[in-house]
Amino acid sequence: MSKNHNGLKPSEITPEEVFFNRREILRSAVALGLVPAVATTAHGAPLPPSGEFTALQNWPGSLSEAPNSYEEITSYNNYYEFGTGKGDPVRNAHTLETDPWSVSVTGEADKTGTYTLEDILAPHTFEERIYRFRCVEAWSMIVPWVGFPLADLLARFEPNSEARYVQFFTLNDRRQMPGLRSPVLEWPYREGLTIEEAMHPLALMTVGVYGKVLPNQNGAPLRLIVPWKYGFKSIKSIVRIHFGRRQPQTSWNMAAAREYGFYSNVNPNVDHPRWSQATERRLGGGLFAARIPTLMFNGYAEEVAHLYSDLDLVRNY
Ligand code: MTE
């Protein structure tokens with residue numbers, strides 16, 4: 001594999017055993033139905049290459065910081081459908097059934113309908129992208145996600161000129177998700193982006209972490225990662241995508257509008273009503289690890305600031 005712009009080979013970023021494990025990982029991906037063993041879908045579209053994760057490219061924008069461990073990324077989670085404690089999702093999310101899985105596409109697009117997960121994934125090449133992930137609660141991680149540009153998926157549905165926003169919904173099934181019995185949020189969990197945000201090349205439709213299929217607690221089989229926004233925008237286990245004309249409802253805004261706005265861009269200059277957002281703590285450094293400054297747009301300002309040039313970011317938090 002080639003070197004990225006930091007001059008690092010991917011094997012220097014992602015721990016070696018993960019790279020060596022990829023053959024095994026792919027086998028489990030096939031077993032999970034994420035990468036079907038047969039090389040075409042019902043539509044005859046080519047699937048990601050099988051045999052090796054050769055389609056797993058290392059995104060040139062990868063950071064030089066070492067990623068958090070697989071253990072840290074997959075055992076300290078927010079997934080309220082499986083409980084509100086950070087350790088609840090890893091304990092409880094085994095009841096989520098990710099195969100078969102389908103996604104319905106509705107609203108202002110020409111190719112609406114219901115797509116199987118295989119249809120969704122078939123034409124895409126997976127990339128590894130090492131992104132910063134910053135939770136509104138002021139902890140952060142560096143994560144090697146695996147996915148493909150959200151823009152490439154949305155374009156396939158041919159949104160029309162009325163489509164100004166995209167809304168995403170998580171599965172809403174009490175049988176599989178014990179946390180839904182609690183009214184802590186209005187279910188299903190939902191999130192939204194402007195169409196320009198959704199089409200930005202950094203927005204990643206995510207299927208894996210560390211070269212492995214996403215574990216349930218991280219939002220299997222399909223979740224969004226929007227690295228310049230607080231983690232709660234990165235909705236998990238997506239079952240519906242809606243193209244709309246008006247700014248859509250989002251779960252955290254519905255729950256506490258004063259605290260969580262529609263945009264939710266990482267912004268160290270705007271305090272959350274109950275705490276400062278100026279610093280963060282990298283997970284894994286221990287409780288007494290030094291807090292580090294939070295970067296505007298989580299460090300992705302160069303890439304995304306232009307999307308908000310007309311917005312007052314204090315009012316539009
Ligand atoms: N998606 C759903 N469906 N339900 C949730 O509770 N929590 C969000 C986001 N996506 C959440 C969700 C929040 S608050 C965060 S910080 C991230 O998921 C956490 O992602 P991670 O567990 O992979 O770190």
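Computation of the quantities below employed the complete heavy-atom set of this structure, encompassing side-chain atoms and omitting hydrogens, waters and symmetry-equivalent molecules. Along the sequence shown, residues carry numbers from 1. All of these numbers come straight from a predicted model, not from anything done at the bench. For ligands, and for the atoms within them, numbers begin at 1 and follow the listed sequence.
Ring pair Tyr76/Trp139: centre-to-centre distance below 6.0 Å. Between Tyr131 and Trp59, the distance from one ring center to the other falls under 6.0 angstrom. Between Tyr260 and His272, the ring centre distance stays below 6.0 Å.
Per-residue contacts place Met141 under 4.0 angstrom from the following atoms of ligand 1 (heavy atoms of the residue considered): 24 (O). Near Thr170, the atoms of ligand 1 lying under 4.0 angstrom from a non-hydrogen atom of the residue are 3 (N). With ligand atoms numbered from 1 in the order given, ligand 1 contributes 2 (C), 3 (N), 4 (N), 5 (C), 6 (O) to contacts under 4.0 Å with heavy atoms of Glu81.
Remark: minimum distance from atom 23 (O) of ligand 1 to any protein heavy atom is reached at Arg223 NH1, 2.6 Å. Protein heavy atom closest to atom 7 (N) of ligand 1, with residue, atom name and distance, is Asn78 O, 3.3 Å.
Residue Tyr189 holds the heavy atom nearest to atom 11 (C) of ligand 1 of all those in Tyr80, Tyr189, Phe82. Taking all heavy atoms of Pro215, Ser237, Pro89, Gly231 into account, the minimum distance to atom 15 (C) of ligand 1 is reached by Gly231.
Taking the centre and axis of the six-membered ring of Trp145, the NZ or CZ atom of Arg223 falls inside the cone set by 45° and 6.0 Å.
Heavy-atom distances between Ser234 and ligand 1 reach below 4.0 Å in at least one pair.
Looking at Phe133 against ligand 1, only its side chain comes within 4.0 Å, counting heavy atoms.
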